[in-house]
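Chain naming here is simple, since letters A, B, ... match the order of the sequence lines and numbering starts at 1 in each. Just so you know, these numbers use all the heavy atoms, side chains as well, and skip hydrogens, waters and symmetry mates. Computed from a predicted structure; not experimentally measured.
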There are 2 protein chains.
Amino acid sequence: MDTKTKAGAGALPLNTILDGDCIDEMRKLPDCSVDLVFADPPYNLQLKGHLHRPDNSRVDAVDDAWDSFASFQTYDQFTRAWLAEARRVLKPNGAIWVIGSYHNVFRLGAALQDLQFWILNDVVWRKTNPMPNFRGKRLTNAHETLIWASKEEASRYTFNYEALKELNDGVQMRSDWVLPICTGHEREKDENGEKAHPTQKPQSLLHRVMIATSNPGDVVLDPFFGTGTTGAVAKMLGRDYIGIERDADYRRVAETRLARIRKYDKAALEVTRPKRAEPRVPFGQLVERGMLRPGEVLTSLNGRHAAKVRADGTLVADDVKGSIHKVGAALEGAPSCNGWTYWCFKRDGQTVPIDLLRQQIRAEMQ
Amino acid sequence: MDTKTKAGAGALPLNTILDGDCIDEMRKLPDCSVDLVFADPPYNLQLKGHLHRPDNSRVDAVDDAWDSFASFQTYDQFTRAWLAEARRVLKPNGAIWVIGSYHNVFRLGAALQDLQFWILNDVVWRKTNPMPNFRGKRLTNAHETLIWASKEEASRYTFNYEALKELNDGVQMRSDWVLPICTGHEREKDENGEKAHPTQKPQSLLHRVMIATSNPGDVVLDPFFGTGTTGAVAKMLGRDYIGIERDADYRRVAETRLARIRKYDKAALEVTRPKRAEPRVPFGQLVERGMLRPGEVLTSLNGRHAAKVRADGTLVADDVKGSIHKVGAALEGAPSCNGWTYWCFKRDGQTVPIDLLRQQIRAEMQ
DNA sequence: TAAATTGCTGAATCGGAGA
DNA sequence: TTCTCCGATTCAGCAATTT
């Protein structure tokens, strides 16, 4: 087992599966210690014929209003208890994903909001191959819902926008994800060759979740670990995981599964970075380095405006002086303006944005 | 006005728009008198400042007073009050549809369950043309959620299975509906030519709802009538409607609109059939789904170049990074390149184009 | 303050070919 | 020549918890 602990975070049981109830086990973890929680809690499907109280005694009359209300209450209590622990364990800039169906997802979402999580998106997992509706009494239940929320409104959560855009062929990723359910070789089997877990999630779903909202080296906690899809994808993608699972059979399947997994190589884990993360280049440096001369005239992208470069890296146009951004915004009457892509200069008879010069400097900095 | 009353149901104000608060007006309606409720309540968006597009144009946000609530608690009280009245007014075998976004839909769903409604499906309206995410900080919010619920678990609700199957080219209708947002001529305008209502729903959505879960002659109640899409579609499809709207401007637009509508104007509704094109498959999906592994090496069709797959579905070769098309073009010194037919991988000792994998995914999507 | 950030649809307009 | 038609192009607009 490639267990280790994270320096400075107490004693995090990284890359292990904790044996026990998720609320009890989370209580043992320190505050503000994990980056991401992924949770696939029980769906509360047992509401139909057989209703059980917390002590496992059976509720008889299902059409009784009081009983029915009580069952939602019980589910809500459980939900709010584990969500509160998950929130405590999350770092201030951490985030959570929960997944559910119409049976439980409204309870989950309302609980998240009441506990001061801040919902960022709800995401629809649209199944390419759902179970048909055999009786023709309802619509084919062809999707499940994920909720992505940060610990609090002010959290500076992780979102790898550019990587997701790449995953989606260059257009920004939407809130509806089309992915097949988990079948075939990917589906974990028990000793009898039967499916080991009734609701195993596809690795593709977790892959997208982790690429989108975590970075290599992050700690991912799954309080309902099951057969370990979260751990498997975390390990492949170079994240650390903590699993909690109280069922010994599921734990055994997950241990075997995780032992087989290999991490992808480092280059493969690199994803497209945002421009914000690239080193800042002051406009003045272009002037200092002689790429633009003081007195040279820049023109706006739309050709309607012109401004003169000054020796200190500011621009002057008519009665406006200031940074490339400020002058551009003023001339356009706009609240803001990205001067790098707005202002152009002449090179070889062509008019090109000054951002080209910044890219040259950045390339030299590599 | 084609007002009439329904025999034996007290004095139902059929095919009229009631002026007032929806809770007050519903209180005046008799118990167990309507077949279907469609409700598009305020979403309780919690918007702070102003948002601009990259081109500096301002996003016309929903900042109307009717959408603003002091807290979740206030919103919940309002929600439970109108839902309770709606339930009282519903016939025993009646049903309700509510629509919302992640801001409010979890409150709605939990309230429905607590009030003994029985959820039948949640339905995802996937927008073909949603508003993009301009800041690149979240996923494009490309869907809204509808909840379909019967008055109680024992209700023998209406579901026109065969009609929906027909609407869906002969295959069972799923819980995700792909429909465009309301634009163009369908969008109601005020005297100034501005959109009359910020959140007008497309007729195609109401058409599907009513075909699915009501019959000609049924009474459909909409407590948040707005500019009257529910009434318009009800009238076209030979259902009776009752609208409630407290805003005089919205009522006026709705009255004018409804006067224009003719029953069974099927031609006007036919335009919303989705077109079937070859579905786009992002290359990233091959990676997410494990058909190609991050770190795996692809070779060019001519055997002269190689590139490594990254976890976000980009390729890296020498000093070029980017999409399969971009990297192919760069290596060949060509202006463009179809990466699907250019890049190959090994399978069973043979080198085959990655397009084979795309074909597999498309076959699954049928 | 600096600098980053948008996809799709339907209507309107424009330009070229053919009547 | 002038008009019409059609395809190509441009442009406006959309429920947003947006560093």
Under 6.0 Å from the NZ atom of A:Lys308, do we count more than 12 heavy atoms belonging to anything else shown?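 No, not enclosed.
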I need the residues from residues 158-173 of chain A with at least one non-hydrogen atom less than 4.0 Å from DNA chain C; give them sorted by number, or say none.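 Contacting residues: A:Tyr161, A:Glu162, A:Lys165, A:Val171, A:Gln172.
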So, is [X] near the phosphate of [N], with a side-chain N or O under 4.0 Å from OP1 or OP2?
| X | N | value |
| --- | --- | --- |
| B:His185 | C:dA11 | yes |
| A:Asn338 | C:dA4 | yes |
| A:His325 | C:dA2 | no |

Base, sugar-phosphate or nothing for B:Arg58? Non-hydrogen atoms, less than 4.0 Å.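 No contact at all - B:Arg58 keeps every heavy atom at 4.0 Å or more from the nucleic acid.
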Restricting to side chain to side chain donor-acceptor pair (under 3.5 Å), what partner residues turn up for [X], sequence neighbours left out?
| X | result |
| --- | --- |
| B:Arg260 | B:Glu188 |
| B:Lys201 | B:Asp40 |
| B:Ser336 | none |
| B:Asp312 | A:Thr272, B:Thr314 |

Would you mind listing every salt bridge (charged side-chain N to carboxylate O under 4.0 Å, His left out) that reaches into [range], with sequence neighbours excluded?
| range | result |
| --- | --- |
| residues 323-335 of chain A | none |
| residues 105-118 of chain A | A:Asp76-A:Arg107, A:Arg80-A:Asp114, A:Arg107-B:Asp114, A:Asp114-B:Arg107 |
| residues 51-65 of chain B | B:Asp60-B:Lys195 |
| residues 351-366 of chain A | A:Glu278-A:Arg362, A:Arg289-A:Glu364, A:Asp355-A:Arg358 |

Where along nucleotides 8-16 of chain D does protein come under 4.0 Å, by heavy atom, of base (B) or sugar-phosphate alone (S), with - for untouched nucleotides? ------BBB
Can you check the A:Trp343 CH2 to C:dA2 C1' distance for me, whole Å?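 My rounded result for the distance is 16 Å.
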Pairing string, 5' to 3', for DNA chain D - Watson-Crick or wobble contacts under 3.5 Å, brackets [ ] where pairs cross, | to another strand: .|||||||||||||....|
Answer yes or no: side-chain N or O of A:Ser336 and base N or O of C:dA2 forming a donor-acceptor pair under 3.5 Å.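 There is none.
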Proximity to the side chain of B:Pro54 - top-ranked nucleotide from D:dT19, C:dT6, D:dT17: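 Out of D:dT19, C:dT6, D:dT17, the nucleotide with an atom closest to B:Pro54's side chain is C:dT6.
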Between B:Thr227 and B:His197, is there a side-chain donor-acceptor contact under 3.5 Å, judged purely by atom types and distance?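 There is no such pair between these side chains.
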Would you give me the side-chain donor-acceptor pairs under 3.5 Å for residues 67-74 of chain B, sequence neighbours excluded?
residue: B:Asp67; atom: OD1; partner: B:Tyr43; partner atom: N; Å: 2.8
residue: B:Asp67; atom: OD1; partner: B:Asn44; partner atom: N; Å: 2.9
residue: B:Asp67; atom: OD2; partner: B:Leu45; partner atom: N; Å: 3.0
residue: B:Ser71; atom: OG; partner: B:Gln73; partner atom: N; Å: 3.3
residue: B:Ser71; atom: OG; partner: B:Thr74; partner atom: N; Å: 3.2
residue: B:Ser71; atom: OG; partner: B:Thr74; partner atom: OG1; Å: 3.0

Using the C1' atoms only, state how far C:dG16 lies from D:dT1, rounded to an integer number of Å.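 One C1' to the other, the span is 16 Å.
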